[in-house]
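Just so it is clear, the model here is predicted, and its values are computed rather than measured.
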Amino acid sequence: MKITNKPILLVEDDQVDTMTVTRALKEIHVTNPLVHLENGEEAVNYLQDPASEKPCIILLDLNMPIMNGIEFLQVVKNDDQLKRIPVVVLTTSEEQQDKVNSFNLGVAGYMAKPVDYRQFVEVMRSIDAYWTISEMP
Amino acid sequence: MLRNLTIKSRLIFILFFMGAFLLGIELLGLFGMSNAIDGLKTVYHDRAIPLKQVADIESLLLRNRLAITSALMMPTPETIQSKTAAIDQDIEELTRIWEDYITTYLTPEEKVLALQFAEDRDRFLTEGIKAAVTALRANEVGEAYRILVEKIRPLYDPVNRSIKSLSKLQLDEIGREYNREQNRFEAIRNLLIASVIIALMLAALISIMVSRTIFRPLEHVVKISRGVAAGNFMQEIEVRSKNEIGQLMQALKEMRDSLVDTIRQIRESEAHTSALLSNLIDGVASIDEKGVIKTFNPAAERIFDYAESELIGQNVNLLFPQPEPEQGQYADYFRQYLEAKKSAALGMTNEVTGLRKNGTAFPMDLAVVEIHGSEHRMFVAMMRDISERKLVEEQKSRLMAELESANEELKDFAYVVSHDLKSPLRAIGALADWLSTDYADKFDDEGKEHMRLLVSRVHRMSNLIDGILQYSRVGRVKEALIKLDLGQVVQEVIDLLSPPVNVTISVEAPLPNIIAEPTRVQQIFQNLLSNAIKYMDKPRGEIRIGCSAEGDQWKFSVSDNGPGIEPRHFEKIFQLFQTLAPRDRIESTGVGLALVKKIVEMYGGRIWVESVPGEGSTFFFTLPQIAEVINLTKGKEA
């Protein structure tokens with residue numbers, strides 16, 4: 001990540017998936033702190049709390065309890081303070097409708113989680129590479 | 001023969017006959033009358049005139065005698081002179097009358113008498129009167145007196161006698177003539193009376209005949225007509241003659257026959273209609289403009305549970321539940337219709353609530369049409385009990401709802417499979433990977449092999465899930481139909497598959513342009529070509545793609561020189577999850593051909609395989625030249 005002191009916000013309800021992300025980030029030597037929240041509502045609360053530090057990127061799962069990813073996006077992208085934070089969707093869903101909805105809500109990327117862990121590491125590596133070279137507002 | 005004459009000719013004949021008869025009688029009368037008049041004339045001429053003449057002669061003779069006597073009474077010369085002159089004149093007159101008299105018609109008897117008289121008279125005149133006149137002229141009064149006494153007086157007696165008898169004869173003759181004429185008049189009178197009687201009898205006869213030939217048959221016709229009017233069509237109508245009555249009878253018979261025929265037709269049609277009405281599934285009732293029920297067919301009886309007799313004359317509102325005040329639309333349905341003449345409700349089927357005899361309400365379809373043509377407005381209501389249909393509809397809609405929810409679940413299934421099944425699978429994969437990396441030094445070779453198998457099964461399961469998802473997306477996820485250059489599509493697929501160098505793929509015929517969903521068409525070729533490559537068992541693989549037009553479809557073929565397929569597997573290979581090789585040898589989900597089949601059939605085409613085991617297989621499939629995506633039923637999709 002270009003900005004190394006800002007946290008990465010991971011919104012993910014699955015424990016193993018969280019472990020996978022943590023491990024992959026560690027493997028590719030991303031040093032940013034990881035803030036993990038289990039659903040959209042918690043994430044919204046965190047983001048809207050002035051005390052909490054704003055993340056440099058949000059890794060978002062779509063299928064979550066209480067508030068799912070699409071609902072989370074609807075809140076965040078309508079919030080002037082939050083809408084410029086890049087959101088990368090990390091999901092199992094290959095449904096066209098989910099992709100359409102996500103891009104309609106201005107996501108920065110849409111990644112299907114591969115079954116193979118090695119491949120997942122490569123996905124994370126690509127994301128890191130991209131957001132290392134991309135300028136941010 | 002007379003019977004076959006027309007009444008007109010008969011009447012003309014009778015009138016002619018009557019006229020001739022009357023004319024004959026008239027002529028006879030006239031003839032008789034003129035005869036009688038002639039007779040009277042004869043009486044006058046032949047009898048009255050001679051009688052007068054005889055009387056004249058007598059009076060003249062008597063006067064002569066008186067003149068002589070009177071001259072002798074006063075024998076002055078003047079007297080003698082005047083008297084003798086008068087006598088001469090009288091004799092002259094007498095002679096003239098006598099000559100007239102004897103020229104008249106005299107009977108032989110008269111003639112004899114007349115001659116006798118003439119003789120007596122001549123003697124009387126000559127010897128008596130003339131001699132006396134001569135004596136007087138000679139002034140010999142004595143001589144004259146002597147003649148008077150001796151001649152005139154005795155000679156006058158025979159004259160007088162014969163003239164008397166002549167007169168008497170004349171009178172007798174007149175009496176006879178009179179009697180004769182009277183008899184004749186009587187004959188004429190009798191004749192006239194007889195002719196009147198005959199005419200009356202004839203008239204009576206004719207009227208009887210007319211009544212026989214005209215009025216009685218006419219009355220018969222009237223009776224038959226009344227009978228027909230009263231509905232007795234079976235009575236015998238006998239045509240007895242060819243005259244007008246006969247024609248009338250014939251016409252009546254024809255009318256009756258035609259009427260019977262018409263009535264039979266009407267009855268048949270009525271029977272037909274009534275049979276139709278009776279056997280109609282729909283209830284039919286006819287209602288007048290006041291809403292009074294006129295007819296009610298059996299189906300309607302069944303629907304409402306009323307007998308027809310209970311409802312005839314009742315108001316139709318009886319068949320509808322008394323509505324709540326706010327929804328009083330059927331209280332006066334028909335009156336409402338009459339007020340709003342062109343009601344939209346008329347002629348259209350409306351769903352309304354009906355009321356059975358036992359008071360239960362039920363849903364029914366109601367259509368009301370107006371019958372035109374009669375004096376009063378009539379309406380025909382067609383009713384159908386739709387309780388069962390409603391029930392079925394409810395069941396159907398419930399089923400539909402269930403199906404929809406099932407379909408919704410199915411849609412969700414893809415999501416569930418992709419997320420909820422794949423997440424744990426991915427977790428297993430990740431954990432297995434970490435185990436084998438983190439604890440690599442702790443596993444022996446067997447343990448490492450198990451871990452590798454574990455990961456590979458995770459991959460296989462992931463592929464299966466992907467296959468299911470792909471399969472379920474066909475027909476459910478719609479793409480836009482676009483014009484595709486199949487040559488280009490196939491080239492892209494070949495590039496994507498990047499076949500190994502020992503396999504050559506050739507396109508043998510120029511491929512057409514079709515209109516279809518690009519992904520699906522791509523999937524067809526991708527699966528068929530990848531199968532051919534995957535199962536290739538020859539050192540030099542040859543795959544050929546062909547295309548030909550067949551009717552309104554394109555027939556495509558993908559042939560290879562691979563292992564071939566036994567005919568008994570031709571059906572099986574197109575079923576989901578069916579593979580012919582062990583999965584460990586050739587990694588296959590068994591989704592590919594099933595997917596291809598589903599896509600081809602979705603486009604209305606078909607797919608089949610021809611193969612010689614050991615030499616190769618050819619997969620054929622057809623696609624319509626004008627693509628029309630068949631909406632696969634939801635059931636089939638499942």
NZ (A:K26) with more than 12 external heavy atoms under 6.0 Å: no
Whether over 12 other heavy atoms sit under 6.0 Å from B:D445 CG: no
B:I428 versus chain A, the contacting section by heavy-atom distance below 4.5 Å: neither
Derivation of the side-chain contact (heavy atoms from CB on, under 4.5 Å) call for B:W434 and A:M19: CA-CA 11 Å; B:W434 299 339; A:M19 283 165 67; 3.5 Å; yes
Neighbour count >12 (heavy atoms, 6.0 Å) for atom CD, B:E446: no
Contacts with chain B made by residues 71-81 of chain A (heavy-atom distance under 4.5 Å), listed by residue number: none
Other residues, nucleotides, ligands: >12 heavy atoms within 6.0 Å of A:Q15 CD: no
For the student: nearest non-hydrogen atoms of A:V115 and B:L425, plus distance: CG1-O, 4.4 Å
B:K396, NZ atom: more than 12 neighbouring heavy atoms under 6.0 Å: no
Basic-acidic side-chain contact under 4.0 Å: A:R23, B:D433: no
Heavy-atom neighbours of A:F103 CZ exceed 12 at 6.0 Å: yes
NE2 on B:H459 to CD on A:Q119, rounded to 0.5 Å: 6.5 Å
Atom pair CG (A:D116) and CZ (B:R426), whose distance is rounded to the nearest 0.5 Å: 11.5 Å
Spacing of OH belonging to A:Y117 relative to CG belonging to B:L431, to within rounding of 0.5 Å: 11.0 Å
